[in-house]
Amino acid sequence: MSVPSNIAEGHARTTRGEYKHFLSIARGSVAEVEVQLTLAEGLGYVQAPLLANALDHCDAISRMITNLKRAV
């Protein structure tokens, strides 16, 4: 929820700098999800193959946010 919410909030702001700031926050939120997924695997809630797939998605989302930030 945090990642798209921060992107939306940044887009609604009035300056490019604010938008970029919220895109940075969104990237931080992706990092938080990665940590939470890794902890979930360590606690036995997620199996390694599913974790790898989810982390690949996180990486792709992070790269998309970075590219969007560069384009803004």
Side-chain angles (χ1 to χ4, degrees):
M1 294 298 288
S2 183
V3 174
S5 295
N6 279 299
I7 294 169
E9 184 173 354
H11 189 264
R13 297 293 176 136
T14 57
T15 68
R16 284 181 166 181
E18 287 178 302
Y19 190 17
K20 286 183 175 186
H21 174 73
F22 278 90
L23 291 173
S24 293
I25 293 170
R27 275 197 74 228
S29 294
V30 174
E32 289 176 354
V33 170
E34 290 172 334
V35 170
Q36 292 161 357
L37 287 167
T38 302
L39 291 172
E41 192 245 352
L43 294 169
Y45 294 116
V46 178
Q47 295 178 5
L50 293 174
L51 173 66
N53 186 41
L55 291 176
D56 286 344
H57 284 290
C58 287
D59 182 56
I61 292 166
S62 184
R63 283 185 276 115
M64 283 188 269
I65 294 169
T66 297
N67 290 332
L68 177 57
K69 189 175 174 186
R70 287 181 185 146
V72 169

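Between V3 and I65 the shortest side-chain heavy-atom distance falls below 4.5 Å.
Residues forming a side-chain contact (heavy atoms from CB on, under 4.5 Å) with S2 (at least two apart in sequence, or on another chain): N6, S29.
Residue pairs meeting the salt bridge (Lys or Arg N to Asp or Glu O under 4.0 Å) criterion with at least one member in residues 14-41, sequence neighbours excluded, are R13-E18.
Taking each heavy atom of L37 and C58 in turn, the nearest pair found is CD1-SG, 4.0 Å. The two atoms that bring T38 and L51 nearest to each other are N-CD1, 3.9 Å, heavy atoms only. Annotation for Y19 and L68: closest pair OH-CD2, 3.7 Å, computed over non-hydrogen atoms.
Clustering ILVMFWY residues whenever any of their side-chain heavy atoms sit less than 4.5 angstrom apart, transitively, puts Y45 in the very cluster that holds L55. Follow the hydrophobic side-chain contacts under 4.5 Å out from V72 and you never reach I25; the two are in separate clusters. Note: the hydrophobic cluster containing L43 also contains L50 (ILVMFWY, side chain heavy atoms under 4.5 Å, direct or indirect links).
Atoms CD1 and OG1, on I61 and T66 in that order, are 12.0 Å from each other to the nearest 0.5 Å.
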